[in-house]
There are 2 protein chains.
Amino acid sequence: MKRHPLVEPFWRSQAHFCAGSLPVDLSPELKAGVAAHVAATIELRKGETLIHTGMPYQHIYLVTGGAFKSVQLGEDGQSQVISFHWPREFMGLGGFSRRSHTTDLVALTTPALVCEFPIHAFDARTTVASPLLALLLEYVSEGLAQAEYDQFMLGSLSATQKISSFFLQTQHKLRRAGMNADVFELPMTREEIGSYLGLTMETVSRLLTHLRVHGVAEVDKKWVRILRADILHAWQVDGDERFLGHRPGPVLGAGHCDFRKDAA
Amino acid sequence: MKRHPLVEPFWRSQAHFCAGSLPVDLSPELKAGVAAHVAATIELRKGETLIHTGMPYQHIYLVTGGAFKSVQLGEDGQSQVISFHWPREFMGLGGFSRRSHTTDLVALTTPALVCEFPIHAFDARTTVASPLLALLLEYVSEGLAQAEYDQFMLGSLSATQKISSFFLQTQHKLRRAGMNADVFELPMTREEIGSYLGLTMETVSRLLTHLRVHGVAEVDKKWVRILRADILHAWQVDGDERFLGHRPGPVLGAGHCDFRKDAA
DNA sequence: CGGTCGCTTGATAATCGTCAATTGATGTGG
DNA sequence: CCACATCAATTGACGATTATCAAGCGACCG
């Protein structure tokens with residue numbers, strides 16, 4: 001991987017570059033405060049691993065270009081993709097307690113770009129910059145909320161619902177990254193999509209032809225054109241009766257109901 | 001729910017009570033610092049809902065007694081249990097970005113106890129207490145790491161592996177709570193276990209009899225005695241060839257491999 | 001005592017995984 | 001530059017893990 005330590009043309013300085021990839025709804029002061037801590041910008045090529053599970057927890061990363069996958073490793077040799085990362089997203093946020101990285105981070109494109117932040121910049125002992133800590137807290141918390149939804153998806157949705165959910169999520173991430181969300185190139189293989197959704201490569205392939213046949217999307221190799229996002233929304237909720245018949249899954253009748261009486 | 005606002009017998013003060021349920025590996029100063037922010041202790045009864053999804057994000061909760069479930073709600077009416085919470089665990093950590101609660105929190109026992117912390121105590125604008133923020137960051141990050149593992153479990157493990165994983169996780173949580181991890185009472189129904197594992201009630205029931213038949217655990221109604229944790233560990237990794245034949249699941253060959261060459 | 005709830009067990013079936021063959025794209029070496 | 005190998009993707013046939021449907025049973029509660 002290519003590390004760019006310090007000297008750079010002016011308007012291409014790391015801080016400036018990184019600040020441009022921070023979330024949009026952020027005060028200029030905070031953007032500057034965050035960007036000031038960039039340790040390096042790193043460029044990877046497809047297939048290269050930025051972080052291995054278990055490595056000492058020294059940096060977190062902001063995607064500034066391309067795309068990445070997070071991979072959770074099982075005890076033997078299995079592994080599963082647990083999320084895809086697009087520009088403006090932070091990666092590697094699960095290690096603040098265990099002090100080591102909890103997933104592999106692998107580049108899906110050439111090039112793939114990240115800004116590297118030393119976590120000691122957020123250490124309570126070395127900084128009084130509470131606003132930065134609070135900001136980081138929000139990002140980690142958002143990652144948790146996203147992971148909770150993914151749990152729901154994996155446990156309760158049918159294959160058709162999962163694919164619909166995947167494309168809608170991808171569209172959302174592409175928009176946030178400032179990219180075209182209607183015509184785009186998937187940076188990951190069918191197998192990686194399947195791993196993320198808890199399905200096999202073959203099932204993903206069949207689902208994609210299903211989308212094509214029903215005019216929901218054009219799919220040619222890695223290129224996708226979303227034609228009917230409305231149908232995706234409908235299928236995400238209802239599934240599609242006519243294909244791989246929807247699986248209602250373990251549905252639970254919402255936490256019983258409220259409390260019965262408010263003692264004292 | 002029963003709220004205990006302030007006055008209490010001395011050694012039963014909220015702060016003291018709460019501090020006793022904080023993680024063990026915490027400096028006394030931090031414990032005191034955290035405990036000082038307790039707004040109230042709340043007592044719930046089985047089935048009562050502490051928090052509804054979407055409620056304004058004003059508090060987070062530390063379990064001090066009993067048990068809870070977090071429930072993720074789908075767009076229509078489906079719902080899924082995404083985690084169980086035992087004493088010494090924080091709940092409701094997924095809302096710092098969206099400013100609203102992301103799950104329902106429901107009591108599973110009578111009584112069920114929590115300490116309530118106002119999130120403005122961790123607000124960067126109202127506090128300079130960076131150490132508290134950093135601590136909170138660790139808890140949220142740990143929750144994220146746990147959710148990532150749950151994703152792996154839901155997507156890659158067979159039913160037998162899931163049940164084994166569930167019991168080992170429960171043992172771990174019971175130990176951390178200072179309770180007996182070999183003989184205990186499950187506070188949740190089969191259906192709730194199934195929801196968490198992405199299985200049906202019936203499958204969970206069959207898996208439990210399977211554990212009983214193979215001498216791995218005694219299971220009588222809600223009471224469980226773990227006899228062979230070693231077998232649980234083995235089944236968590238390998239599955240059990242002889243039962244609901246193990247499903248290898250979508251296994252991915254670990255992020256290709258390393259990077260090929262380190263440019264410059 | 002009747003009714004509901006949680007649990008168990010059995011029979012059946014379906015969603016999706018497995019296995020296999022084929023094609024096209026990519027890349028490498030001779 | 002082409003043969004060859006490898007990989008990604010598609011499609012079909014088949015099978016299995018697990019869901020669904022159904023019945024029964026004990027416990028708890030009003």
Side-chain angles (χ1 to χ4, degrees), chain A residues 45-47 78 80 108 110 154-163 185-195 197-213 219-224 235 239-253 256-257 260, chain B residues 45-47 78 80 108 110 154-163 185-195 197-213 219-224 235 239-253 256-257 260:
Chain A
R45 299 174 53 182
K46 184 195 291 195
Q78 343 172 28
Q80 178 175 343
L108 295 175
T110 302
L154 284 164
S156 298
L157 300 188
S158 68
T160 307
Q161 290 175 300
K162 284 174 175 176
I163 272 285
E185 183 178 9
L186 291 172
M188 70 291 282
T189 66
R190 305 288 193 260
E191 185 163 9
E192 287 163 334
I193 296 174
S195 177
L197 298 177
L199 302 169
T200 58
M201 198 192 66
E202 293 92 331
T203 301
V204 171
S205 183
R206 281 185 251 267
L207 288 168
L208 292 182
T209 59
H210 186 235
L211 292 183
R212 203 185 305 126
V213 166
V219 182
D220 179 57
K221 287 287 169 192
K222 305 262 188 179
W223 282 95
V224 176
W235 282 1
D240 182 14
E241 313 279 340
R242 292 160 300 186
F243 185 47
L244 311 169
H246 65 164
R247 157 170 61 166
V251 170
L252 200 54
H256 301 165
C257 63
R260 310 178 195 188
Chain B
R45 300 173 54 181
K46 184 196 290 196
Q78 346 172 29
Q80 178 175 343
L108 295 174
T110 304
L154 284 164
S156 298
L157 301 189
S158 68
T160 307
Q161 289 175 301
K162 284 174 176 177
I163 272 285
E185 184 178 9
L186 290 172
M188 70 292 280
T189 66
R190 305 288 192 260
E191 185 163 9
E192 286 163 335
I193 296 174
S195 176
L197 298 177
L199 303 170
T200 58
M201 197 192 66
E202 294 92 330
T203 301
V204 171
S205 183
R206 282 184 249 267
L207 288 168
L208 292 182
T209 61
H210 187 234
L211 292 184
R212 203 186 303 126
V213 165
V219 182
D220 179 57
K221 287 282 171 194
K222 304 264 189 177
W223 282 96
V224 176
W235 283 0
D240 181 15
E241 313 279 339
R242 291 162 300 188
F243 185 48
L244 311 169
H246 67 163
R247 155 170 63 166
V251 169
L252 200 55
H256 301 166
C257 62
R260 308 175 197 188

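Below, chains carry the letters A, B, ... as their sequence lines are ordered, and counting in each starts from 1. If you're wondering where the values come from, they're calculated on a predicted model, not measured in any experiment.
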[X] vs [Y] side-chain heavy atoms within contact, under 4.5 Å:
{"X": "A:Q80", "Y": "A:L154", "result": "yes"}
{"X": "A:T203", "Y": "A:L197", "result": "no"}
{"X": "A:I163", "Y": "A:H210", "result": "no"}

Atom-pair distance ([atom1] on [X]; [atom2] on [N]), nearest Å:
{"X": "B:L207", "N": "D:dT17", "atom1": "CG", "atom2": "C1'", "answer": "11 Å"}
{"X": "B:L199", "N": "C:dT15", "atom1": "CG", "atom2": "C1'", "answer": "15 Å"}
{"X": "B:I193", "N": "D:dT18", "atom1": "CD1", "atom2": "P", "answer": "16 Å"}
{"X": "A:L157", "N": "D:dA19", "atom1": "CG", "atom2": "P", "answer": "14 Å"}
{"X": "B:K162", "N": "D:dT18", "atom1": "NZ", "atom2": "P", "answer": "7 Å"}
{"X": "A:L197", "N": "C:dC16", "atom1": "CG", "atom2": "P", "answer": "12 Å"}
{"X": "B:E185", "N": "C:dG6", "atom1": "CD", "atom2": "P", "answer": "15 Å"}
{"X": "A:H210", "N": "D:dT11", "atom1": "NE2", "atom2": "C1'", "answer": "15 Å"}

- Taking atom types as modelled, is there a side-chain donor on B:Q78 or A:S156 under 3.5 Å from an acceptor on the other? no
In Å and rounded to the nearest 0.5 Å, what is the [atom1] to [atom2] distance from [X] to [Y]?
{"X": "A:L207", "Y": "A:Q161", "atom1": "CG", "atom2": "CD", "result": "11.5 Å"}
{"X": "A:L186", "Y": "A:E192", "atom1": "CG", "atom2": "CD", "result": "10.5 Å"}
{"X": "A:E202", "Y": "A:T200", "atom1": "CD", "atom2": "OG1", "result": "4.5 Å"}

Show each protein N/O and nucleotides 7-13 of chain C N/O combination with a separation under 3.5 Å, one pair to a line.
unit_1 : atom_1 : unit_2 : atom_2 : d
C:dC7  : OP1    : B:K222 : NZ     : 3.4
C:dC7  : OP2    : B:R190 : N      : 2.9
C:dT8  : OP1    : B:R190 : NH2    : 3.2
C:dT8  : OP2    : B:R190 : NE     : 2.9
C:dT8  : OP2    : B:S205 : OG     : 2.8
C:dT8  : O5'    : B:S205 : OG     : 3.0
C:dG10 : N7     : B:R206 : NH1    : 2.9
C:dG10 : O6     : B:R206 : NH2    : 3.3

- Message: Between the opening five pairs and the closing five pairs of the helix from C:dC1-D:dG30 to C:dG30-D:dC1, how far apart are the helix axes, to 10°?
- Response: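 About 40° separates the two local helix axes.
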- Message: The criterion is side chain to side chain contact (heavy atoms under 4.5 Å, CB included); which residues satisfy it with B:T110, sequence neighbours excluded?
- Response: B:R45, B:K46
- Counting N and O atoms only, with roles assigned by atom type, does the side chain of B:R190 sit under 3.5 Å from a partner on the main chain of B:V204, one being a donor and the other an acceptor? no
